[in-house]
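Read the structure below first, then the notes.
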Amino acid sequence: MIIYDTMSRDEVELDLPAERVVKVFVCGPTVQDSFHLGHARTYIFFDSLVKYLRSRGLSVFYLQNITDIDDKIINRAKEDKVPYEQISEKYTSEYFSLMRALKVDSVNFYAFATRHIEEIIAQISTLVKDGYAYETSDGVYFSVTRFKDFGKLSRQDIEALKSGARVESSEEKRDPRDFVVWKKMKPGDPHWDSPWGKGRPGWHVEDTAITEKYFGPTYDIHGAGTDLIFPHHEAEIAIERSISGKDILARYWIHSAMINVNEEKMSKSLKNYVTIKDVLSDFLPEDLRFALLNVQFRSNVNFSEEFMLEARSNVSAINTLYRKLRIGLEAETEITGSNAHISRLSKILENNFDLRTFFREVLILVGDWNSRLDTLKKEEIRDAVAALEWADSFTGILKHESTAGNVEGLVGLALKLRKNLREKKDYASADEIRSGLRDLGIYIEDKGKETIWWQS
């Protein structure tokens with residue numbers, strides 16, 4: 001498989017070992033606010049990529065971190081006048097709920113920063129001992145000049161960075177480019193004991209401490225959105241390679257591009273900030289998965305209502321045909337094996353995981369099968385169903401019907417009962433209904449006097 005590698009700035013052969021576990025790390029979210037379409041694009045893309053690699057017979061361990069201590073979390077907690085844990089727990093729960101709804105279920109393990117303080121302190125201690133980091137009155141900083149390859153991933157000129165760098169917070173920094181790895185406690189802030197006094201970790205070292213614990217000093221694939229290339233990934237490389245002495249941190253660096261909304265960069269200041277919950281209130285998870293995957297992963301997505309309506313139409317066409325094809329195979333117990341369709345579509349994906357061309361070819365097949373639906377032979381139907389189910393195994397675009405009967409009617413009854421309970425102020429029983437629905441893969445959200453729901 002050929003894929004674009006950010007470090008080499010070229011399409012390279014993705015040479016992954018079949019004889020051992022493939023180690024994949026993708027930067028997880030900072031849990032301090034509702035999650036937006038940029039999060040959806042990153043995590044849907046890597047969910048699809050990992051599932052595709054597994055479909056090829058590779059054993060993949062997919063690790064993701066959760067940044068549950070950070071300036072943004074602390075500031076949000078202060079604004080809301082609640083403990084920082086309340087903020088991080090609230091948005092961690094929201095994140096997991098949204099990922100379930102979006103069928104992002106390929107991650108093997110989520111590693112929380114606050115559960116790895118010991119490993120973080122160990123890494124910082126090594127950096128200080130070896131002269132790569134130094135202590136000031138407000139923290140411990142990594143010395144960028146000690147790492148000769150700083151800027152290599154992002155193609156940044158280190159001297160240009162020096163002239164344009166901001167002084168982060170400490171006038172004691174030896175160089176304005178130096179970044180913090182341990183922040184000493186300010187009054188009222190959450191903190192942990194360390195050799196440098198009470199404090200908390202900087203962002204960059206959280207990831208390296210986690211990946212070193214579970215993967216060692218090097219691993220196969222590091223992924224994220226392009227917004228994290230600099231400074232976050234540069235800092236990760238500098239920290240881990242300074243500790244390990246290795247020439248690389250990851251063998252391959254894969255980055256998905258950004259989201260624009262109506263041709264403008266998504267931003268709260270521009271009031272075009274779109275959350276995942278916003279989209280799922282109007283569209284199905286399958287619609288959003290198709291929309292965000294149906295763009296070359298290195299190209300920015302221009303999000304709009306028309307963009308989503310097109311995705312909905314395509315998903316509907318695929319699912320309608322799939323249900324019709326399955327009717328003729330109700331007596332079949334198993335759909336197995338490869339076929340010419342799967343072989344041809346696989347070749348498309350081998351070229352830079354080109355899901356854009358892949359979906360175009362799937363839709364051409366769907367149109368052909370639809371036009372010949374009444375004359376398709378049993379073998380053709382079997383091959384068509386196998387191809388669509390194979391595609392769904394990593395794209396997640398098929399709507400799998402519940403076997404429990406009329407889902408909409410049952411959910412409607414449950415929500416009506418919950419509404420009555422809430423009106424009687426029996427919130428405990430109402431919450432049990434919410435929890436029970438969630439266990440069944442059905443998620444609800446109260447919006448004013450109405451309650452919306454969606455199914456994972």
Side-chain angles (χ1 to χ4, degrees), residues 22-31 33-55 58-68 90-112 207 210 221-228 254-259 274-295 297 301 303 308 311 315 349 353 355 358-359 389-400 438-445 453-456:
V22 175
K23 301 171 184 177
V24 176
F25 174 70
V26 174
C27 293
T30 299
V31 284
D33 203 350
S34 291
F35 301 94
H36 54 71
L37 282 178
H39 295 111
R41 185 180 195 191
T42 296
Y43 301 128
I44 287 173
F45 169 74
F46 284 102
D47 176 72
S48 184
L49 178 61
V50 166
K51 287 174 176 174
Y52 177 69
L53 293 176
R54 287 173 179 157
S55 78
L58 293 172
S59 176
V60 181
F61 190 94
Y62 179 6
L63 174 67
Q64 196 176 111
N65 71 306
I66 300 288
T67 299
D68 58 343
K90 172 184 176 180
Y91 289 108
T92 297
S93 178
E94 178 183 307
Y95 177 68
F96 288 153
S97 177
L98 289 171
M99 292 303 104
R100 284 193 298 271
L102 291 173
K103 304 181 181 180
V104 176
D105 53 10
S106 56
V107 179
N108 295 97
F109 187 66
Y110 291 97
F112 289 76
D207 289 16
I210 285 168
I221 296 173
H222 192 318
T226 53
D227 57 323
L228 296 189
I254 302 174
H255 292 91
S256 56
M258 296 292 97
I259 297 276
V274 182
T275 68
I276 299 172
K277 289 194 292 185
D278 290 336
V279 178
L280 293 183
S281 67
D282 295 318
F283 295 91
L284 294 173
E286 293 83 6
D287 301 335
L288 185 56
R289 284 189 69 103
F290 183 97
L292 296 181
L293 291 173
N294 190 31
V295 181
F297 76 89
V301 169
F303 183 86
M308 286 303 303
V315 169
L349 295 175
F353 202 49
L355 284 165
F358 171 86
F359 278 132
E389 291 182 348
W390 166 78
D392 177 64
S393 71
F394 53 89
T395 63
I397 58 169
L398 290 184
K399 307 169 191 173
H400 297 284
R438 185 171 62 244
D439 291 341
L440 295 172
I442 295 167
Y443 303 89
I444 66 176
E445 179 183 356
W453 68 274
W454 64 89
Q455 184 176 11
S456 65

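These numbers were taken from a predicted model, which means no experiment stands behind them.
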Mind checking the CG-CZ spacing from N294 to F359? Nearest 0.5 Å is all I need. 6.0 Å
First locate atom CZ of F290, then atom CG of L355, and finally report the distance between them rounded to the nearest 0.5 Å. 10.0 Å
Minimum heavy-atom distance between A40 and L288, given as atom pair plus value: CB-CD2, 4.4 Å
Report the residues that fulfil side chain to side chain contact (heavy atoms under 4.5 Å, CB included) with K90, sequence neighbours left out, ordered by chain and then residue number. none
Salt bridge (Lys or Arg N to Asp or Glu O under 4.0 Å) with D392: which residues, sequence neighbours excluded? none
Test side chain to side chain contact (heavy atoms under 4.5 Å, CB included) applied to M258 and T226, step by step: CA-CA 7 Å; M258 296 292 97; T226 53; 3.3 Å; yes
Least distance between heavy atoms, T42 atom then S256 atom: OG1-OG, 3.6 Å
Can a donor-acceptor pair be found, under 3.5 Å and without considering hydrogens, that links the side chain of N65 to the backbone of G28? yes
Grab the two heavy atoms, one from T395 and one from L293, that are nearest each other, plus how far apart they are. O-CD1, 3.8 Å
Using the test side chain to side chain contact (heavy atoms under 4.5 Å, CB included), find all partners of V107 that sit at least two apart in sequence or belong to another chain. Y62, Q64, Y110
For P29 against Y43, the heavy-atom pair lying closest together: N-OH, 3.2 Å
Spacing of M308 atom CE and L284 atom CG [to the nearest 0.5 Å]: 9.0 Å
Give the minimum heavy-atom separation between D287 and A311, together with the two atoms involved. O-CB, 3.5 Å
Would you check if F297 and I254 make a side-chain contact, meaning some heavy-atom pair closer than 4.5 Å? yes
Among all residues two or more places apart in sequence or in another chain, which pass the side-chain hydrogen bond (donor to acceptor under 3.5 Å, both in side chains) test with R54? N108
Going by ring-ring contact (aromatic ring centres under 6.0 Å, His included), name the residues that satisfy it together with H255, two or more places apart in sequence or in a different chain. H233
Looking at residues at least two apart in the chain, or sitting in another chain, which of them share a salt bridge (Lys or Arg N to Asp or Glu O under 4.0 Å) with D227? none
Is the closest side-chain heavy-atom distance between C27 and H222 below 4.5 Å? yes
Indicate yes or no for a side-chain donor-acceptor contact from S281 to the backbone of D278 under 3.5 Å, with no hydrogens or angles considered. yes
For R41, give me all partners under salt bridge (Lys or Arg N to Asp or Glu O under 4.0 Å), at least two apart in sequence or on another chain. none
Please tell me if the side chains of I221 and V50 come closer than 4.5 Å, counting only heavy atoms from C-beta onward. no
ring-ring contact (aromatic ring centres under 6.0 Å, His included) partners of F394, counting only residues at least two apart: Y52, F358, W390
Got a sec, which residues hit ring-ring contact (aromatic ring centres under 6.0 Å, His included) with F46, two or more places apart in sequence or on another chain? none
If you look at every heavy atom in I397 and V315, which pair is closest and at what distance? O-CG1, 3.8 Å
Partner residues of D47 under the salt bridge (Lys or Arg N to Asp or Glu O under 4.0 Å) criterion, sequence neighbours left out: K51, R289
With rounding to the nearest 0.5 Å, note down the distance linking CD1 in I44 to CE in M99. 7.0 Å
With sequence neighbours left out, the residues meeting side-chain hydrogen bond (donor to acceptor under 3.5 Å, both in side chains) with D68 are T114
Only counting residues at least two apart or in another chain, list the ones meeting side chain to side chain contact (heavy atoms under 4.5 Å, CB included) with S34. Y91, E94, T275, K277
